[in-house]
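All residue numbers in this chain count up from 1 along the given sequence. When a ligand or atom number is given, it counts from 1 through the structure's own listing order.
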Amino acid sequence: MSSDVLAVAEHRRGELRDVSYELLTAGRQLADATGGDLHVAVVGGDTESFAEELDRDGVDAIHTVSEGEEFNHDVYVQAVEALHGELDPQVVLMPNSVNGLDYAPAVANRLDLPLATDAVDFEYDDGLTVTREMYGSKVETTVDVGGDQYAVTIRGAEWPGAEGVGDADVAEFDADIDTNTGSTVTGFEEVGGGDVDISEADFIVSIGRGIEEEDNLPLIEDLVEATDATLASSRPIVDSGWLPKNRQVGQSGKVVTPDVYLAIGISGAVQHVAGMKGSDTIIAVNTDPNAPIFDIADYGIVGDLFDVVPELIEEFE
Ligand code: FAD
């Protein structure tokens with residue numbers, strides 16, 4: 001067994017996802033603690049350009065596996081298993097994303113590794129302990145993972161994305177993938193709400209129950225247009241059917257990390273905050289000065305959104 005760390009990048013529709021760069025930071029942190037190298041795997045898609053983008057500070061080696069375009073469970077499981085066999089790393093790090101949670105358990109099972117999911121932090125000192133959040137982020141638990149080789153999935157937006165230009169060794173890895181597994185990826189279809197991926201947005205205008213009724217949506221859409229932002233919401237808005245599920249921020253929605261998160265008529269429940277606390281700048285508009293959203297907001301406007309939003313639109317226009 002080596003003391004290395006193997007991080008598995010994630011991409012979709014031709015683009016690396018932010019969590020890939022976060023995996024590099026988390027992987028470097030772990031490799032420094034284990035005293036090993038940081039290896040990165042990128043499976044499928046335009047592996048050459050992905051490898052170029054992933055070659056950032058702290059990365060020692062990048063292994064590309066050229067098989068398929070989009071995510072495919074069977075390909076990922078085989079590729080990670082084969083790379084694990086080659087490198088024998090101490091830790092394999094994967095994203096706690098929909099895709100990651102699809103293949104990580106299979107990888108752990110096939111390699112007989114303990115799997116710790118949804119890590120928000122970890123420590124290595126002759127053994128791995130992983131910090132996880134429970135009960136809607138109200139409680140933190142520290143898990144002693146046990147064993148001496150591990151599989152871990154990390155929560156998005158908990159580590160900053162790696163930056164800088166690295167000088168990693170990049171090599172194609174022949175994982176000897178068997179494509180005759182019975183599953184084929186035939187296409188890619190977004191669920192409702194078109195192509196919008198709020199987790200990639202830089203400026204989010206997010207609405208909550210404070211908007212009262214669906215008929216008030218056009219007012220918010222005017223603000224979205226004036227600010228060139230992406231529209232998102234708390235869960236009640238989605239539950240009411242006013243916006244599609246892919247616009248929901250939070251524990252049972254998406255994790256977002258925009259430069260600006262403008263929360264309008266959102267109280268700031270823990271389940272919502274779990275999905276947006278990594279935003280660079282949080283601005284909140286709420287009539288209630290004691291709303292919990294103000295505890296994490298960088299800027300707060302105590303006021304009625306029906307007065308404040310038209311003024312914001314005018315200002316931005
Ligand atoms: P409310 O809590 O009702 O807040 C509305 C806010 O609007 C209030 O603070 C009020 O003061 C303000 N307001 C009212 N009128 C105005 C006005 N005219 N101008 C300005 N402000 C005004 N929630 C999520 O968002 N995402 C999740 O992923 C999620 N997952 C969950 C998972 C579980 C297992 C559970 C149990 C709950 C989950 N929830 C989630 C629900 C969460 O607990 C809250 O109920 C929800 O976030 C509240 O949404 P809200 O802030 O829009 O509504």
Side-chain angles (χ1 to χ4, degrees), residues 19 95-98 101 117-118 120 132-141 155-158 191-193 196-201 204-224 226-227 229-258 260-279 282-316:
V19 72
N96 199 72
S97 57
V98 172
L101 289 176
T117 56
D118 205 19
V120 297
R132 307 177 78 232
E133 290 179 348
M134 299 176 74
Y135 302 113
S137 307
K138 283 189 182 133
V139 176
E140 269 195 357
T141 53
R155 183 181 289 188
E158 290 297 329
V191 183
V196 175
D197 181 358
I198 58 170
S199 65
E200 302 286 334
I204 289 180
V205 169
S206 194
I207 49 168
R209 200 144 40 191
I211 74 152
E212 291 174 9
E213 53 191 57
E214 192 175 11
D215 286 351
N216 293 324
L217 267 179
L219 172 68
I220 304 298
E221 281 160 359
D222 286 349
L223 177 62
V224 167
T227 52
T230 300
L231 181 61
S233 77
S234 65
R235 178 163 152 176
I237 302 298
V238 171
D239 287 348
S240 305
W242 302 349
L243 287 178
K245 175 78 181 166
N246 68 345
R247 302 283 180 150
Q248 183 184 321
V249 173
Q251 184 191 322
S252 50
K254 290 202 173 176
V255 175
V256 297
T257 52
V260 179
Y261 189 87
L262 176 49
I264 299 177
I266 292 178
S267 59
V270 281
Q271 295 89 353
H272 185 79
V273 169
M276 45 68 78
K277 65 182 179 201
S279 307
I282 297 169
I283 308 168
V285 181
N286 200 304
T287 42
D288 177 4
N290 298 315
I293 192 77
F294 288 128
D295 294 342
I296 57 156
D298 299 288
Y299 301 95
I301 303 172
V302 178
D304 188 323
L305 71 90
F306 298 105
D307 299 327
V308 175
V309 171
E311 282 185 43
L312 286 175
I313 294 171
E314 206 180 304
E315 196 63 35
F316 275 106

Side chain N286, main chain I266, donor-acceptor under 3.5 Å: yes

Closest protein heavy atom (residue, atom, distance) for atom 44 (C) of ligand 1: A269 CB, 3.6 Å

Region of S252 engaging ligand 1 - heavy atom pairs below 4.0 Å: both

F306: numbered ligand 1 atoms lying under 4.0 Å from its heavy atoms: 18 (N)

Atom 14 (C) of ligand 1 - nearest protein heavy atom and its distance: G210 CA, 3.5 Å

OH/Y299: more than 12 non-hydrogen atoms of other groups inside 6.0 Å: no

For atom 52 (O) of ligand 1, closest protein heavy-atom neighbour: S234 OG, 2.6 Å

Nearest-neighbour protein heavy atom for atom 36 (C) of ligand 1, which is reported as residue plus atom name and distance: Q271 NE2, 4.0 Å

Any donor-acceptor N/O pair, N96 side chain to R155 backbone, under 3.5 Å: no

Least distance between heavy atoms, S233 atom then V238 atom: OG-CG2, 3.6 Å

Intermediate values then yes/no, side-chain hydrogen bond (donor to acceptor under 3.5 Å, both in side chains), S234 and R209: CA-CA 8 Å; S234 65; R209 200 144 40 191; over 6 Å; no

Selected option - heavy-atom contact closest to atom 53 (O) of ligand 1, from R209, R235, K254, H272: R209

Worked check of side-chain contact (heavy atoms from CB on, under 4.5 Å) between V285 and V309: CA-CA 9 Å; V285 181; V309 171; 5.7 Å; no

Protein heavy atom at shortest distance from atom 10 (C) of ligand 1: N286 OD1, 3.5 Å

CD1 on I293 to CD1 on I283, rounded to 0.5 Å: 11.5 Å

Numbering as shown, the atoms of ligand 1 that approach D288 to under 4.0 Å (heavy-atom distance): 11 (O)

Sub-4.0 Å atoms of ligand 1 with respect to non-hydrogen atoms of G253: 28 (O)

Nearest heavy atoms of A232 and V249, plus distance in Å: CB-CG2, 3.8 Å

Heavy-atom nearest neighbour in the protein, as seen from atom 21 (N) of ligand 1, with distance rounded to 0.1 Å: T287 N, 3.3 Å

Salt-bridge criterion met for E158 and R132 (N-O under 4.0 Å): no

Atom indices of ligand 1 within 4.0 angstrom of G250 heavy atoms, with elements: 26 (N), 27 (C), 28 (O)

Separation between CZ of R247 and CD1 of I207, rounded to the nearest 0.5 Å: 10.0 Å

CD/E314: more than 12 non-hydrogen atoms of other groups inside 6.0 Å: no

Atom 26 (N) of ligand 1 [closest protein heavy-atom partner, distance rounded to 0.1 Å]: V249 O, 2.8 Å

Ligand 1 contacted by G303 (non-hydrogen, < 4.0 Å): yes

Per-atom contacts of ligand 1 with G208, taking only distances under 4.0 Å to non-hydrogen atoms: 52 (O)

Polar contact flag for Q251 and ligand 1 (N/O pairs, less than 3.5 Å): yes

Residue part near ligand 1, for S267, under 4.0 Å between non-hydrogen atoms: both

Heteroatom distance test (G265, ligand 1): nitrogen or oxygen, under 3.5 angstrom: yes

Note, I198 side chain near N246 side chain (heavy atom, < 4.5 Å): no

Test item, G275 contacting ligand 1 (heavy atom, 4.0 angstrom): no

Nearest non-hydrogen protein atom, atom 27 (C) of ligand 1: Q248 NE2, 3.2 Å

